[in-house]
Protein chains: 2
Amino acid sequence: MPQNNAQAPDASSLDGVRSNLPSPVRFREPQIEMAHGAGGKASRRLVEGLFVPLLFSSSSSEPLGDAAHLDFDGTRIAITTDSFVVKPLHFPGGSIGELAVNGTVNDLAVSGARAEAMVVTFVLEAGLPTPVLEAEVRAMGDAARKAGVRIAGGDTKVVEHGKADFMYITTTGIGRPLPGLTIDARSVRPGDKVLLSGPIGDHGVTILLARGDLDLEADLRSDTRSVLPWVEAMAKAAGPGIRWMRDPTRGGVATSLNELARDCGCGILLTEESIPVHDAVRGACELLGLDPLHIANEGQLLAVVAPEYADTTRHALSLSPGGENARIIGEVRQQPAGVVVVTTSYGGSRIVDMLVGDPLPRIC
Amino acid sequence: MPQNNAQAPDASSLDGVRSNLPSPVRFREPQIEMAHGAGGKASRRLVEGLFVPLLFSSSSSEPLGDAAHLDFDGTRIAITTDSFVVKPLHFPGGSIGELAVNGTVNDLAVSGARAEAMVVTFVLEAGLPTPVLEAEVRAMGDAARKAGVRIAGGDTKVVEHGKADFMYITTTGIGRPLPGLTIDARSVRPGDKVLLSGPIGDHGVTILLARGDLDLEADLRSDTRSVLPWVEAMAKAAGPGIRWMRDPTRGGVATSLNELARDCGCGILLTEESIPVHDAVRGACELLGLDPLHIANEGQLLAVVAPEYADTTRHALSLSPGGENARIIGEVRQQPAGVVVVTTSYGGSRIVDMLVGDPLPRIC
């Protein structure tokens, strides 16, 4: 990560009232851009340079995960929160309401927890037609029942017409750790295998096509789903062998694996031909100069598994509905430390970085 | 929207989509208006007519509260969530970031719980100047440290310039029940006393003046604060006597007490002259034809207390910083059931309804 350590000399003026100590804020960009919400490098700079120093307790050295695990009088609770601003609201395969529930169920699932309860908030634009809202609330209720999660409360705010884009939804889930699973990037070691549940990029490209900005048609649907059944099947089959999981949403597989490489200090070597990509996704990416590894998914699962559990885990996943195309796509190596490398079918290799910029804004 | 799950009368058809039963949705208004976010009657119609039947479990008949209390393997956890869209971002006495933390701390506090951890999300408008964001993140960090709550995680989305109004913040708090406190509207009974912590309407009128829409100036500040120290002091002094609490935010004291009257089935009789109102608030309300009882507060506390504990509770509150003006403002009566009545200093009386419409939009 380039921009990391320099202390912002002028940021101290913001807390000048209370303290003359230098501010811990290292985020130096003058304004917020779309890329800061894209889940890639710019997001990381914002989070690590501004949110972490000002908001989060500095006593923890845990890697930033999809969910926090807290101790309440000896009871472990996982919690995660996400806002959803996807545009358009509906797209082939899903909609904002369904995404808002499953996105949070999935963030808990890949942290090794089962969602138990959820609270939701809506920021609605005045003038929003009731049927549009009703469809999304219904989609949320259906997704919650399907995932077995209870919606326990919520809040609604309304802003003037034009001050939101139809609606923004925030969901917060709390869950219970699944027995026998310990997910921690720091437990990943050389020799471990990288497992992927299925074809990548379907969600991001579906959203792109649904916007109609590209003169392309394709028979493609978002992969949005709850990945909890997969996680449960894998935990049952190979719990002790599962070291790390992530659902590669914003920033795609490349960003999730770069974060892992950084957190575990190892290199990750992927075999390009083993990574399933639908033709329509590959075509759209070629047209736009994008790498499918950077495109968002909403119902795929990445896992790192101890080598002796790799086949068992892949097998368990492939027997779960939707997991038929699960593949081992690479492995963890000592070197190059902190880097993700893809070997191509021609025998060459290239470094795959985190997402830079925001080629596909507002995909979730 | 209040948390928790009131019973929807026709909730048996919650799965109407799948079973072909008629939709349980009773909300018939064609589109969303500002009033649906104002916390009054329109909000209640939206929540009870659309959100409750589609989202919430029908297994509970608990009244709608500010926070839901859940059981996790025998550990009780309180959870609450709110989105904040206040305009302007800064106002005398506070700002959106501070409000976002204290609003959630307060919702937990009046449910009888102490906030332990919080997760936050931001929806940011592209082009937002970094110093504006930094100031609010800093305000959140300061408020969280002051309230003793740990921020455990978060999420950031960015939307195009013009698709949000600077920023919207959502906070979700989880907390631990305070020992010796059981807050339940259904435990309220005739003879109980109604306690108010201090002058009402400061927050709403401060926001109104800060917008500059009114050609008025006044030396007024928002009352935004954490009410947790008050709740703790009251719990310690008179825990078993405290039946119900609420922080009267959107919709004001009138709306909170109407909800209570409805939930407990009793009447509530207030003495107008006992209710403290700053002159500036009274003046602005007279000018606009508003009732201070309908104006939002962000740092006041309403409580219903058993008569034998009323003086002790008021005394404990009045010894806490900021609670010096605490007053008994009325009492609970058998009749008129479900109605709030104010007796005026001239000896007359009037019924005070919930807030109708939205005279002061986006006050939190």
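None of the values given here were measured: they were computed from a predicted structure. In the text below, chain A, chain B and the rest are named by the order of the sequence lines, each starting its count at 1. Scope of the values below: all heavy atoms of this structure, side chains included, with no hydrogens, waters or symmetry mates.
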- Query: Can you tell me if NZ on A:K146 sees more than 12 non-hydrogen neighbours from other groups inside 6.0 Å?
  - Reply: no
- For the pair B:D155 and A:R250, find out whether any cationic side-chain nitrogen is under 4.0 Å from an anionic carboxylate oxygen. yes
- Query: In terms of heavy-atom pairs under 4.5 Å with chain B, which of A:A38, A:G175, A:G74, A:A144 leads?
  - Reply: A:G175
- Query: What part of A:L128 gets closer than 4.5 Å to chain B, counting heavy atoms only: side chain, backbone, both or neither?
  - Reply: both
- Identify which part of B:A117 has an atom lying under 4.5 Å from any heavy atom of chain A, answering side chain, backbone, both or neither. side chain
- Message: Just so I know, are the side chains of B:D82 and A:K157 near enough to count as touching, which here means a heavy-atom distance under 4.5 Å?
- Response: yes
- Task: Answer yes or no: are there more than 12 heavy-atom neighbours, outside A:F166 itself, under 6.0 Å from its atom CZ?
- Result: no
- Considering only heavy atoms, which portion of A:V137 lies under 4.5 Å from any heavy atom of chain B: side chain, backbone, both, or neither? both
- Message: Heavy-atom cut-off 4.5 Å, strictly under: side chain, backbone, both or neither for B:V123 against chain A?
- Response: side chain
- Query: Would a 4.5 Å heavy-atom cut-off, applied to side chains only, mark B:L46 and A:L133 as touching?
  - Reply: yes
- Query: Of the backbone (N, CA, C, O) and the side chain (C-beta and beyond), which part of B:S43 lies under 4.5 Å from a heavy atom of chain A, both, or neither?
  - Reply: neither
- Query: At a heavy-atom separation under 4.5 Å, does B:E160 approach chain A through its side chain, its backbone, both, or neither?
  - Reply: both
- Message: Between B:R176 and chain A, with a heavy-atom cut-off of 4.5 Å, which part of the residue counts as in contact: side chain, backbone, both or neither?
- Response: both
- Message: Quick one, A:H36 with B:L124, criterion side-chain contact (heavy atoms from CB on, under 4.5 Å). Give me CA distance, side-chain angles, the key distance, then yes/no.
- Response: CA-CA 9 Å; A:H36 292 116; B:L124 307 176; over 6 Å; no
- Task: State, with a plain yes or no, whether a side-chain heavy atom of A:M140 is found less than 4.5 Å away from one of B:L54.
- Result: no
- Message: When you compare the side chain of A:L55 with that of B:V120, does any pair of heavy atoms fall below 4.5 Å?
- Response: yes
- For side-chain contact (heavy atoms from CB on, under 4.5 Å), just list the numbers for A:K163 and B:K163, CA-CA rounded to whole Å, side-chain angles, deciding distance to a tenth of an Å, and then say yes or no. CA-CA 5 Å; A:K163 293 295 181 191; B:K163 293 295 181 191; over 6 Å; no
- Message: Are A:I77 and B:I77 packed together at the side-chain level, in the sense that at least one heavy-atom pair is separated by less than 4.5 angstrom?
- Response: yes
- Task: Find out whether B:I174 and A:T172 are in side-chain contact, i.e. whether some heavy atom of one side chain is under 4.5 Å from a heavy atom of the other.
- Result: no
- Would you mind checking which part of A:Y168 comes under 4.5 Å of any heavy atom in chain B, side chain (CB onward), backbone (N, CA, C, O), both or neither? side chain
- Let me know if A:L70 has heavy atoms under 4.5 Å from chain B in its side chain, its backbone, both or neither. side chain
- Is there side-chain contact between B:M167 and A:I32, with heavy atoms separated by less than 4.5 Å? no
- Report the relative orientation of the aromatic rings in A:F51 and B:F122; use parallel for angles under 30°, tilted for 30 to 60°, perpendicular for over 60°. parallel
- Item | Side chains of A:E33 and B:H161 in contact at under 4.5 Å (non-hydrogen atoms) | no
- Query: Out of A:S83, A:A126, A:G37, which one racks up the most heavy-atom pairs below 4.5 Å with chain B?
  - Reply: A:S83
